[in-house]
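No hydrogens, no waters, no symmetry mates; every other heavy atom, side chains included, goes into these values. In what follows, chains carry the letters A, B, and so on, assigned in the order in which the sequence lines appear, proteins first and then strands, with residues in each chain numbered from 1.
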2 protein chains.
Amino acid sequence: MGRFDIKFNINPKLFNRDPQDSEYGHKLLKNSILLLDEIGFEGFTFKKLAIRIDSTESSVYRYFNNKHFLLLFLTCWYWEWVHYLIITYTRNIEDPVKRLKIAVHNIVNASNESPLTEYINENKLHEVVIKEGSKAYHVHDIDEENKEGLFKSYKELVSTVSSLISEVNPDFPYPHILASNMFEMANNQIFFAEHLPKLTDIKNRQKKYQDLEGAMWYMVQKILM
Amino acid sequence: MGRFDIKFNINPKLFNRDPQDSEYGHKLLKNSILLLDEIGFEGFTFKKLAIRIDSTESSVYRYFNNKHFLLLFLTCWYWEWVHYLIITYTRNIEDPVKRLKIAVHNIVNASNESPLTEYINENKLHEVVIKEGSKAYHVHDIDEENKEGLFKSYKELVSTVSSLISEVNPDFPYPHILASNMFEMANNQIFFAEHLPKLTDIKNRQKKYQDLEGAMWYMVQKILM
DNA sequence: CATAAATGATAGTAACACTATCTAATATGG
DNA sequence: CCATATTAGATAGTGTTACTATCATTTATG
């Protein structure tokens, strides 16, 4: 493990062995992201992943019980990471409006000026979350999994953004709706810009993140100020 | 087929035989919705469906090549239906604000005062779309499927709502973003209210549709007026 | 150096996602 | 009413997926 790598606290019920703690785990995470990006969640299997990292199915199963938990792990990592970015970049800012603007920026871009780890490509992970992330919680067992705390990362992230919203306008009655919608909207609209452009107004695919950030900030301002 | 049943034009590339045209097809659609609602898309198989309708796997395959196309068919039916509701209920209204308000109402509620068909339970279908609908277009083959026109229903629906938005405020620069986000937001927030309440402000699960409609209209007004 | 922990190798099973073929029932058109 | 086409049922089979189990081997640790 690199000397300065950050390790996020992710619910241990998601894995049998923490992939953040071993070389093998790092290889597993890194190539999961790449493979998910290449062939999608439906086509993804532990067998294919094992072959890709010159390993075996049984070894992969020692880390994760199934690909759903792996996807949820990666999604949690993403949520933790965005949360970390928002906390870090708003820490020394006083003005609530500026603080919220920084949050919007990090929600949309989730870009890594300085990557946190050697083994997670944050940009590729963001693309995976855009394409597959919603499948991590649109599952039949959601209520049981929620009881086990598997979505804590997302709930805390939404809670933080919700507070930033309320700082800007304490009278706004729907801070949680706006916060969770900002995340869903950001990922959806990037997905639409790439694949279903008729569903969005983002025309310039070169600077889609910038355009989306502009659109989101425009709406947030109208709603809150 | 019931005498007054409506039949929507759904892209024939989605099926081998149009299930809207036969008794068997009706049974198939009706029970697909119920079974998807009960066990979720991941657990759903053609075998289970076949057993449920006292039929065989091979007969189901004569209608749909795989469960993805079946889900997309149902989702298209839902989009066509919401589109139909919006067109119908705004037809004789002049005031653009009232027209948009009606659209918001139908997006959120998608309720059937008078069901269109005997074989599709619109309320159950709505629940399935809330839980599973996004999986219909978060697929690896989205670009090819989009080329084949498989998402036309959604694009037209968003286009219609986008126009209603522009009628209210022709200067608003993001009518498509707002329109598509209204659909995504409506279904997501209902899902959150049911399963991840920390992500929303909708507290009263008895009147969640009402509360959500209120929240959405509040934000739409702020954004446009 | 001894022991534990992690990984590899291999095998096996039930379910899933189809495809093919043949038969039986049903509808339709003349 | 018969001939024919259409539709559904029945059955079989195949490769893949999603695991579980066991045992051997390698690698880390005290």
Side-chain angles (χ1 to χ4, degrees), chain A residues 1-3 7 12-32 35-36 38-74 119 132 135-136 139-141 145, chain B residues 1 12-32 35-36 38-73 119 132 135-136 139-141 145:
Chain A
M1 187 142 91
R3 197 155 175 180
K7 189 188 156 182
K13 283 170 184 158
L14 279 172
F15 49 78
N16 302 320
R17 189 171 306 186
D18 193 335
Q20 295 178 107
D21 287 344
S22 69
E23 284 281 337
Y24 185 96
H26 295 175
K27 213 163 49 164
L28 193 166
L29 293 178
K30 181 180 188 148
N31 288 280
S32 296
L35 191 55
L36 279 166
E38 286 167 25
I39 66 178
F41 184 66
E42 280 68 38
F44 179 96
T45 69
F46 278 2
K47 179 123 204 201
K48 290 176 189 165
L49 174 62
I51 289 169
R52 197 191 167 103
I53 62 178
D54 271 311
S55 175
T56 58
E57 248 185 306
S58 54
S59 295
V60 177
Y61 275 102
R62 282 195 188 97
Y63 283 80
F64 292 101
N65 276 336
N66 53 58
K67 67 175 178 176
H68 161 62
F69 284 117
L70 170 55
L71 177 66
L72 188 49
F73 181 95
L74 292 172
Y119 57 94
E132 316 289 355
K135 293 170 191 167
V139 291
H140 193 243
D141 293 339
E145 293 188 5
Chain B
M1 186 141 91
K13 284 170 185 158
L14 280 174
F15 49 77
N16 303 319
R17 191 171 306 187
D18 193 336
Q20 294 178 107
D21 287 344
S22 68
E23 285 279 338
Y24 185 95
H26 295 175
K27 213 163 49 162
L28 193 167
L29 294 178
K30 181 181 190 148
N31 287 282
S32 295
L35 191 55
L36 279 167
E38 287 168 24
I39 66 178
F41 184 65
E42 280 69 37
F44 179 97
T45 68
F46 278 2
K47 179 122 205 205
K48 289 177 190 165
L49 174 62
I51 289 169
R52 196 185 173 78
I53 61 179
D54 271 311
S55 175
T56 60
E57 248 184 305
S58 53
S59 295
V60 176
Y61 275 101
R62 284 197 186 95
Y63 283 80
F64 292 100
N65 275 336
N66 52 57
K67 68 176 178 175
H68 161 62
F69 285 118
L70 169 56
L71 177 66
L72 187 49
F73 181 96
Y119 58 93
E132 316 289 355
K135 293 170 192 167
V139 291
H140 192 243
D141 294 339
E145 292 188 5

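Following rounding to the nearest Å, B/Asn16 (CG) and D/dA8 (C1') show an atom-to-atom distance of 15 Å. In this entry the distance linking NE2 of B/His26 with P of D/dA8 reads 11 Å, nearest Å. When rounded to the nearest whole Å, the span between NE2 of B/His68 and P of C/dA17 equals 14 Å. The distance between atom CG of B/Asp21 and atom P of C/dA27, rounded to the nearest whole Å, is 15 Å. Regarding B/Leu71, its CG atom lies at a distance of 17 Å from the C1' atom of C/dA17, rounded to whole Å.
Relative to the ring axis of A/Phe46, A/Lys67 does not place its NZ or CZ within 45° and under 6.0 Å from the centre.
Using a 4.5 Å heavy-atom threshold, the side chains of A/Lys135 and B/Glu42 count as separate. Contact check for A/Val60 versus A/Leu70: no side-chain heavy atoms found under the 4.5 Å cut-off.
In summary, the side chains of A/His68 and A/Glu145 do present a donor paired with an acceptor at a separation below 3.5 Å, with no hydrogens or angles considered. A side-chain donor-acceptor contact under 3.5 Å links A/Arg52 and A/Asn31.
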Report all interatomic pairs (protein N or O, nucleotide N or O of nucleotides 25-29 of chain D) with separations under 3.5 Å.
none

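Ring centroid separation for the pair B/Tyr24 and B/Tyr63 comes in under the 6.0 Å cut-off. Proximity of the aromatic rings of A/Phe69 and A/Phe15 is defined here by a centroid distance below 6.0 angstrom, and this criterion is not met.
The residue A/Tyr63 sits close only to the backbone: its heavy atoms come under 4.0 Å of sugar-phosphate atoms, none of a base.
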Quiz prompt | nucleotides 9-19 of chain D: protein proximity per nucleotide (B base, S sugar-phosphate only, - neither; heavy atom, under 4.0 Å) | solution = BBB-----SBB
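The aromatic rings of B/Tyr119 and B/His26 lie parallel to each other, with less than 30° between the two planes, well short of the 60° mark.
Remark on the helix from C/dC1-D/dG30 to C/dG30-D/dC1: inter-end axis angle 30°, axes from five-pair C1' superpositions, rounded to 10°.
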